[in-house]
Amino acid sequence: MSPHDVPPENEEIPFMQRLLDNPFILLFLGVASPAVLYLIWGIMEIVSIPLGK
Amino acid sequence: MNTNFRVCPETGFHVHKPAELLMKANAVAAVVFLLVGGTFGLLVGLTRWPAVHLLPADQFYLVLTAHGLNVLIFWIIFFEIALLYFCSAVLLKCRLATPKLGWVAFALMLIGALLNNYIVMQGNSSVMMTSYTPMGADPLFYLSLILFAVGALIGTFIFFGTLAIAKAENTYEGSVPLVTFGATVAAIIAVFTIVSGAIILIPTFLWSVGLVAHIDPLMYRMIWWAFGHSSQQINVSAHISIWYFIAAVVFGAKPLSEKVSRTAFLMYILFLQLASVHHLLVDPGLSSNYKMFNTSYAMYLAVMASMVHGLTVPGAIEAAQRARGFNKGLFEWLTKAPWGNPVFSGMFISLVGFGFLGGITGVVMGVEQINILIHNTVYVPGHFHATVVIGTTLAFMALTYWLVPVLFRRDLVMKGLAKWQPYIFGLGMTGVSLFLMGAGTLGVPRRHWDIGFAGTGMTHDFPAAAYTMMALNGMSVVLAVVGGAAFCIIIVASLLFGRKLGEEKSSPALAAEMVTDDEYKTLHASGGITVPGTLCLTFIFFASFAAYYFINWKYLSQTWGIS
């Protein structure tokens, strides 16, 4: 939404817009998503490799 | 009036003076490191040119290390910090959070970058940018990167602090502008990137001084790429924000759909960084589930977001141009664009090069099966010279041409050369990308001083075409360096000798009047497709994408015949 398209005060702001307007929730998502799917998953796979004897 | 602010006579921006000083310092440092890194790049290109083969092996690896770090890290991140301050303090018309801390961040980054160059020049840290363990570098090599990263992290949090100040002081209404939103996405990716760098570089530093016994090479690679590749994803968000910005200031264009563009940026937040796994596609110990989810599923969502931006930016330009009367045929809006203005030409070459060369090849590299055709070949630097150099560096150059009169209040010098510079640089880098990718498809390995392995007892003969393409790559490097040097000379000379603008307005105006809703209404009233030219370009893009994708599967079928 552009700064010119501010909704009337009595209109509830849609969930997606509230999400996109909150940089700190986005920061959480942007760190949590790759931390879980890339780093933690990858670390779990590597540490579960059996040690050579 | 608050004396900490000045009103820009060109744009009407309220510029916080302490923020402006920090932007100038970071931007100047960025250009200096581009000059240094580009010089090293020339030496790399001339050594990989078989007929020239300029440097001996030890110096080649030293120079390759210095080239990678100066251009991929120092030039780009200094510029991005300046960009973050611009997109927060200037675009939101507020003060920058903690400018003094901004100078601490700048000092840490500068000390880190200078120390890194010094230590690499000593010759005992020629480990290339990836610095894979167990290959060890001087402890100061890791320490310098950590110092730089801490500085960059502080700069990133100053950006978030400035967003909070703007919100608290109500300096804008509704949502932040799309360009600031894109910069926020870049900053979010920067936080993950830098934290990942700290997770792996701090133990590696301790290993280098003997306090940690062992760094597992596979673990190092996996975590390092969360830093190494994500750092390039910061660039993607940053340069796409610049595309939107330049579309607005050159054409007065509004985004086709703010909702669609912001949703595409949200997809970057969720999925873009996962693409780092494509570096690990042939690593043992990591399952196909892990590799394929992060590349062939998540990465495609990020690619889709890039395609959305690739459609909406030229689409916004087309809509603005058509609303202003450039309505003939499919492409009058494009042929009548200001191709002599380096701000626009640089941005548009960046967009086309990033999409057609960097984007399509990036998808090929992210597919586990066909990745094997080009893994660890010079195809990889071919790809990232399209994304990071044509895509990011050229977009940053284009914006710099606009920022010199706006921020530094100096008129550009050598305008005739500036008009040609994006074409020279873009053509040179397109050659570099295409010829490296061509040679890589023929199997030429990356990171090798001599592709024939002469004198090693395991020599290998590549087809003559591979040597020809490496030679053409060398020539393209020379052309690109001419274009890069022209940029540095124009910018430095403009800052030193450019006419001071004071309160005078530039002619033609640096910022176009925004297209009004009434003008857009005339466009919609005509009925039919609003942006047919962009749609046509999109179909050309899809056809190229599909053809190249299936050609690679054809190559794969010939590599391993089924009998």
Side-chain angles (χ1 to χ4, degrees), chain A, chain B residues 156 159-160 163-164 167 172-178 180-181 184-185 187-193 195-196 199 216 218-219 221-223 225-226 229-230 233 254-255 258-259 262-263 265-266 268-277 280 283-287 289-291 293-294 298 514 517:
Chain A
M1 170 171 281
S2 74
H4 308 288
D5 300 333
V6 184
E9 275 182 22
N10 56 355
E11 190 178 307
E12 194 183 343
I13 300 172
F15 167 76
M16 273 305 285
Q17 192 186 331
R18 275 185 285 145
L19 172 70
L20 294 174
D21 281 348
N22 191 326
F24 297 101
I25 292 179
L26 295 177
L27 175 62
F28 170 76
L29 291 174
V31 173
S33 166
V36 172
L37 293 169
Y38 180 90
L39 281 178
I40 295 174
W41 188 357
I43 290 169
M44 283 169 60
E45 295 225 338
I46 292 170
V47 298
S48 63
I49 299 171
L51 286 176
K53 291 180 182 169
Chain B
T156 307
F159 169 80
F160 283 110
L163 292 187
K167 182 89 177 163
Y172 65 95
E173 287 182 353
S175 306
V176 294
L178 182 61
T180 305
F181 186 75
T184 307
V185 175
I188 289 168
I189 297 174
V191 171
F192 174 77
T193 301
V195 170
S196 301
I199 291 171
D216 178 71
L218 181 55
M219 190 71 86
R221 278 173 56 81
M222 194 273 291
I223 301 177
W225 278 114
H229 199 83
S230 300
Q233 317 290 28
K254 290 178 186 168
E258 290 249 355
K259 279 180 194 164
R262 280 170 205 251
T263 306
F265 273 125
L266 178 65
Y268 277 173
I269 291 175
L270 296 173
F271 304 115
L272 188 57
Q273 300 155 82
L274 308 179
S276 306
V277 173
L280 311 172
D283 281 35
L286 293 164
S287 70
N289 287 344
Y290 173 76
K291 292 172 181 174
F293 175 83
N294 282 296
M514 293 303 284
D517 290 343

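To find a chain, count down the sequence lines: A is the first, B the second, and so on, and within it residues start at 1. Only heavy atoms go into these numbers, but all of them, side chains included; no hydrogens, no water, no symmetry mates. Owing to the predicted nature of the structure, the values given are computational and were not obtained by experimental measurement.
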Quick check on [X] against chain A: is it the side chain, the backbone, both or neither that has a heavy atom closer than 4.5 Å?
X       : answer
L280(B) : side chain
F265(B) : neither
S196(B) : side chain
Y268(B) : neither

>> Which one wins on heavy-atom pair count under 4.5 Å against chain A: V195(B), V277(B), L163(B), V185(B)?
In response: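 Going by pairs under 4.5 Å, I would pick V277(B).
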> Per the side-chain contact (heavy atoms from CB on, under 4.5 Å) rule, which among I188(B), T184(B), I189(B) passes with I269(B)?
Replying inline: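 Option passing the side-chain contact (heavy atoms from CB on, under 4.5 Å) with I269(B): I188(B).
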>> Give me each pair satisfying side-chain hydrogen bond (donor to acceptor under 3.5 Å, both in side chains) with a member in residues 23-45 of chain A, each pair once, sequence neighbours excluded.
In response: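 Every side-chain hydrogen bond (donor to acceptor under 3.5 Å, both in side chains) pair that includes a residue of residues 23-45 of chain A, provided the two are not neighbours, is W41(A)-E45(A), E45(A)-S287(B).
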> Do NZ/NE/NH1/NH2 and the carboxylate oxygens of K291(B) and D283(B) come within less than 4.0 Å?
Replying inline: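 Here K291(B) does not pair with D283(B) in a salt bridge, since their nearest N and O are not under 4.0 Å apart.
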>> Are M219(B) and V47(A) packed together at the side-chain level, in the sense that at least one heavy-atom pair is separated by less than 4.5 angstrom?
In response: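 The answer is yes, as the side chains (C-beta and beyond) meet within the 4.5 Å cut-off.
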> At what distance, to the nearest 0.5 angstrom, does CG of L178(B) lie from CZ of R262(B)?
Replying inline: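 Separation between the atoms: 5.0 Å.
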> Quick one: what part of L39(A) sits under 4.5 Å from any heavy atom of chain B, side chain, backbone, both or neither?
Replying inline: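 Both parts, heavy atoms under 4.5 Å.
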> What orientation do F160(B) and F24(A) show, parallel under 30°, tilted 30 to 60°, or perpendicular over 60°?
Replying inline: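 Rings of F160(B) and F24(A): tilted, as their planes differ by 30° to 60°.
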>> Using a 4.5 angstrom heavy-atom cutoff, name the option from L20(A), L19(A), I49(A), L29(A) with the most pairs to chain B.
In response: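 Among L20(A), L19(A), I49(A), L29(A), the one with the most close pairs to chain B is L20(A).
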